[in-house]
Amino acid sequence: MAKKRRVMGIDPGLANTGFGIIDALNGKLHAVSYGVIETDAQEDHSIRLLSLYNRLLAIIDEFRPDEAEMETLYFSRNSSSAMPVAEAKGVITLCLAQQNIPVHFYTPNRSNPR
């Protein structure tokens, strides 16, 4: 009997972090939940990172994913957003590691992460 896998997909960002939760079983995918974690640009930078961490942790606690997939960083023209996005990615990676959730990285233009 095949085991259901619950996968969390993450598109990292400081202002907006997109996420989706799917269940994969026998080659079929079922959407469970999706959304965006938004942080307030008026807040202190460190508070925004803490907010991202806490909200992501709440999503993990609710849906209990078995693994995560996250985009690697890619910047072609807007390199000014590179550092905040990299910091958000670090916070997300830390949160996943603390919850023992393996994370796999893929490039934005790759359709099949593995």
Side-chain angles (χ1 to χ4, degrees):
M1 180 183 260
K3 180 182 182 284
K4 176 184 76 172
R5 289 183 341 187
R6 179 157 284 181
V7 181
M8 176 181 226
I10 302 169
D11 181 9
L14 180 59
N16 300 294
T17 291
F19 73 91
I21 309 286
I22 62 165
D23 286 340
L25 179 63
N26 297 326
K28 296 189 179 193
L29 304 176
H30 172 71
V32 175
S33 184
Y34 61 90
V36 177
I37 300 169
E38 297 178 7
T39 64
D40 186 351
Q42 304 304 314
E43 291 283 342
D44 183 70
H45 185 77
S46 60
I47 299 300
R48 293 176 77 186
L49 291 171
L50 180 60
S51 176
L52 172 59
Y53 176 90
N54 287 333
R55 290 155 113 187
L56 182 61
L57 186 58
I59 294 165
I60 290 169
D61 285 345
E62 180 178 354
F63 294 104
R64 300 284 182 203
D66 300 305
E67 61 187 275
E69 307 283 341
M70 186 167 30
E71 281 188 346
T72 58
L73 299 180
Y74 174 76
F75 300 95
S76 59
R77 294 181 189 215
N78 190 5
S79 61
S80 65
S81 64
M83 187 59 73
V85 173
E87 290 173 334
K89 182 180 173 200
V91 166
I92 293 164
T93 303
L94 171 67
C95 187
L96 293 167
Q98 286 180 328
Q99 301 303 306
N100 296 313
I101 299 171
V103 60
H104 309 278
F105 298 95
Y106 62 95
T107 58
N109 61 351
R110 188 170 171 198
S111 61
N112 183 0
R114 286 188 244 156

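Just so you know, these numbers use all the heavy atoms, side chains as well, and skip hydrogens, waters and symmetry mates.
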Value rounded to 0.5 Å, distance of NZ in Lys4 from CG in Asn26: 12.5 Å

Distance (rounded to the nearest 0.5 Å) between Arg48 CZ and Ile37 CD1: 13.0 Å

Side-chain donor-acceptor pairs of residues 8-23 under 3.5 Å, sequence neighbours excluded:
unit_1, atom_1, unit_2, atom_2, d
Thr17, OG1, Gly13, N, 3.2
Thr17, OG1, Gly13, O, 2.5
Asp23, OD1, Arg6, NE, 2.6
Asp23, OD1, Arg6, NH2, 3.3
Asp23, OD2, Arg6, NH2, 2.9

Test log, rule side-chain contact (heavy atoms from CB on, under 4.5 Å), inputs Glu71 and Tyr106: CA-CA 5 Å; Glu71 281 188 346; Tyr106 62 95; 3.8 Å; yes

Distance-only donor-acceptor pairs under 3.5 Å for side chains of residues 49-58, two or more places apart:
unit_1, atom_1, unit_2, atom_2, d
Ser51, OG, Arg55, NH1, 3.4
Tyr53, OH, Gln98, OE1, 2.4
Asn54, ND2, Leu50, O, 3.4
Arg55, NH1, Glu38, O, 2.2
Arg55, NH2, Glu38, O, 3.4

Which atom of Val7 lies closest to which atom of Glu69, heavy atoms considered: CG1-CG, 3.7 Å

Quick check: is [Y] connected to [X] through a chain of hydrophobic side chains (ILVMFWY, heavy atoms under 4.5 Å apart)?
X      : Y      : answer
Met70  : Val32  : yes
Phe105 : Ile101 : yes
Leu96  : Tyr34  : no

